[in-house]
Amino acid sequence: MALKLISLGSGSKGNSLLVSAVDGNHKTTVMFDCGFGIRELHRRLQRAGCHPDELSAVLVTHEHGDHANGLLPLAKRYGIPVWMSNGTFLGMGKDFEDVDLNFCRDGDCIEIDCLKITAFTVSHDAREPLQFHLTDGVSKIGMLTDTGQVTPHIQRELSACHLLFLECNYDEAMLEASIYPEHLKRRIRSIYGHLSNAAAAGLLAGIDRSCLRTVIASHLSQNNNLAEYARKAVEEVVSADGVQVMVADQENGTDWIDI
Ligand SMILES: [Zn+2]
Ligand SMILES: [Zn+2]
């Protein structure tokens, strides 16, 4: 059994992540978020060597367009089961007729073949935002984007991961100096906004990192951050542990990463 992960793109213009569990000839692939239009999504899936028919489920973190824009066309066209919170469903306000829709909430464990996926609550300006961690029984992957603060609950859920896909949305000085209007700066910095590089580093400093091998900095702002700043903030906490640090970008996401 082996787990691998690829980001199809990460940032405010669209997010989608695939996790595959490979066991001999059998492969289970699950998508997390579907924030690209259907044509763009097909292009990105093709680049990842994945056909939509291979997807066993799509899990959606929250209703914002950069996470949910392409969901309905994909789920309807290929009959892929969808998981989300009831609040996300209400927040989307869309017609899910003919979609295999399943609800989950904080603490739920969703089993999809050999993958056990756990949902947990985060702090973001959406109706009922969730993030997920998952395991194949051997390795654990944690994902955290779109949260304005790190809570003790989040820290507990993300302890002892082998790989973390972690939001590093903004550099505090760049956001302060940016041309964004004050209300938007306040929204981004609020406890229902996004994680700064420093906040992401703080999360890493506070969790059990004994299994950690890879951190992927993600959901970087194109205006208020630089890949080198996000990487540096993460490396300052984990480089002594020999952890590999990568940055997922908006256009190219990442390559497939073995865990
Ligand atoms: Zn987002
Ligand atoms: Zn969001």
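One-based numbering, in listed order, for ligands and for the atoms of each.
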Do any of the N, O or S atoms of His219 sit under 2.8 Å from the Zn ion (ligand 1)?
-> yes

Should Lys232 and Glu236 count as an ion pair when the cut-off is N to O under 4.0 Å?
-> yes

Which atom, among the N/O/S set of His64, is closest to the Zn ion (ligand 2)?
-> ND1

Under 4.5 Å between side-chain heavy atoms, hopping through other hydrophobics if needed: is there a path connecting Leu195 to Leu204?
-> yes

Between His124 atom NE2 and Asp146 atom OD2, the angle centred on the Zn ion (ligand 2) rounds (to 10°) to 90°

So which of the N, O or S atoms of Asp66 lies nearest the Zn ion (ligand 1)?
-> OD2

Output the distance between atom CG (Leu130) and atom NE2 (His124), rounded to the nearest 0.5 Å.
-> 12.0 Å

Exactly one candidate in Leu41, Ile80, Leu17 meets side chain to side chain contact (heavy atoms under 4.5 Å, CB included) with Met31; the answer is Leu41

Could you verify whether a donor N or O on one side chain and an acceptor N or O on the other, from Asp146 and His67, lie under 3.5 Å apart?
-> yes

Is the Zn ion (ligand 2) under 2.8 Å from any N, O or S atom of His62?
-> yes

